[in-house]
Amino acid sequence: MAEIDKTRQILETVMVIPAGKVATYGQIADLAGLPGRARLVGSSLRSEFDGAEVPWQRVLRADGKIAFPSGSPKAEEQRQILIAEGVCVKNNRVSLADYRWQPDMATILSALKY
DNA sequence: GATGTGACTTTGT
DNA sequence: CACAAAGCCACAT
């Protein structure tokens, strides 16, 4: 059952990402207290994809690219939502330098629920 | 229980 | 830019 806790921790962390900002799978894993488990972030989002409760669209690959092939339905949907939130997406990619989420200490502590 | 897969990352060619 | 290798681990078969 520990796996469920990890998944929930990841989803809670993702839900803390503010609109207009993005984060990478690895970054979420780190913030969730699970360094090196970037893949777990992906599989967690896949199993939960409600769209409304968890802002999965704000999670990108380490290089800022959307985690789906350009042109795929998912990639298009994600791109559209991000643009609606004010994030500039070019060539299936987002400039992390401009939109990367950089949470302050208080936010991190809150996400980890210490 | 072994094997393969995957919404990943990093380093090195 | 691409590809490979190694690390990672829940899940399905």
Side-chain angles (χ1 to χ4, degrees):
Chain A
M1 309 316 148
E3 297 76 27
I4 303 298
D5 294 333
K6 293 176 189 170
T7 297
R8 209 183 78 234
Q9 184 63 58
I10 288 171
L11 295 178
E12 287 180 358
T13 303
V14 172
M15 287 188 272
V16 178
I17 305 174
K21 287 292 177 182
V22 299
T24 67
Y25 291 92
Q27 183 182 357
I28 294 302
D30 287 347
L31 292 175
L34 301 166
R37 282 86 167 149
R39 296 189 101 133
L40 196 53
V41 175
S43 49
S44 296
L45 289 177
R46 183 194 54 179
S47 58
E48 292 289 321
F49 75 90
D50 344 89
E53 295 191 35
V54 181
W56 57 272
Q57 67 276 8
R58 296 179 198 148
V59 184
L60 309 169
R61 293 200 181 194
D63 59 0
K65 288 177 72 176
I66 288 176
F68 301 100
S70 181
S72 67
K74 277 290 189 182
E76 279 302 300
E77 180 186 357
Q78 186 166 11
R79 181 177 65 79
Q80 199 167 327
I81 299 174
L82 287 175
I83 288 180
E85 294 182 341
V87 176
C88 181
V89 183
K90 289 175 179 172
N91 269 338
N92 226 65
R93 198 159 127 182
V94 170
S95 170
L96 290 178
D98 295 331
Y99 300 100
R100 181 170 187 165
W101 175 45
Q102 293 172 327
D104 54 41
M105 189 62 77
T107 302
I108 296 174
L109 295 180
S110 174
L112 292 178
K113 300 202 186 303
Y114 275 122

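Letters A, B, ... are given to chains in the order of the sequence lines, protein chains preceding strands, and every chain is numbered from 1.
- Scanning for side-chain hydrogen bond (donor to acceptor under 3.5 Å, both in side chains) contacts around A:Asp63 gives an empty result, with sequence neighbours left out.
- With A:Thr13 contributing its side chain and A:Gln9 its backbone, the two residues share a donor-acceptor pair below 3.5 Å.
- As a whole-Å value, the separation of A:Arg61 CZ from B:dT10 C1' is 14 Å.
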Atom pairs and distances, side-chain donor-acceptor, residues 26-42 of chain A, under 3.5 Å, sequence neighbours left out:
residue	atom	partner	partner atom	Å
A:Gln27	OE1	A:Thr24	N	3.4
A:Gln27	OE1	A:Arg100	NE	3.1
A:Gln27	OE1	A:Arg100	NH2	3.4
A:Gln27	NE2	A:Trp101	O	2.7
A:Arg37	NH1	A:Pro35	O	2.5

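- Looking at every heavy atom in both residues, A:Tyr99 comes nearest to A:Gly86 through CE2-O, 3.7 Å.
- A:Arg79 is not listed as a side-chain neighbour of A:Leu82, based on a closest heavy-atom distance of 4.5 Å or more.
- Evaluated for a side chain to side chain contact (heavy atoms under 4.5 Å, CB included) with A:Val22, the options A:Leu96, A:Ile66, A:Val89 yield exactly one hit, A:Leu96.
- One interatomic measurement links the two molecules: CZ of A:Phe68 to P of B:dG6, which rounds to 13 Å at whole-angstrom precision.
- Rounded to a whole Å, the CD atom of A:Gln27 is 16 Å from the C1' atom of B:dA7.
- Atom pair A:Arg46:CZ and B:dG6:C1' shows a separation of 7 Å (rounding to whole Å applied).
- Looking at residues 32-42 of chain A, you'll see A:Gly36, A:Arg37, A:Arg39, A:Leu40 sit with a heavy atom under 4.0 Å from some atom of DNA chain C.
- Distance check on atom P: C:dG7 versus B:dA7 gives 22 Å, rounded to whole Å.
- Other residues, nucleotides and ligands contribute only 12 or fewer heavy atoms inside 6.0 Å of the CD atom of A:Gln80.
- For DNA chain C, the span of nucleotides reached by chain A at under 4.0 Å from its heavy atoms goes, 5' to 3', from C:dC1 to C:dA10.
- A 4.5 Å side-chain heavy-atom check between A:Val14 and A:Pro55 finds at least one atom pair inside the cut-off.
- For the pair A:Ile17/A:Val59, a side-chain contact is recorded, criterion being any heavy-atom separation below 4.5 Å from C-beta on.
- For DNA chain C, the stems formed by at least three consecutive Watson-Crick or G-U pairs, with both atom-pair distances below 3.5 Å, span B:2-6 with C:9-13, B:8-13 with C:2-7.
- Whole-Å rounding puts the A:Glu77 CD to B:dA7 P distance at 16 Å.
- Listed by first and then second residue, the side-chain hydrogen bond (donor to acceptor under 3.5 Å, both in side chains) pairs involving residues 86-97 of chain A are A:Ser95-A:Asp98 (not counting sequence neighbours).
- The distance from atom CD1 of A:Ile28 to atom P of B:dT9 is 11 Å, rounded to the nearest whole Å.
- Salt-bridge annotation for A:Glu85 and A:Lys21: absent, with no side-chain N of the basic residue lying under 4.0 Å from a carboxylate O of the acidic one.
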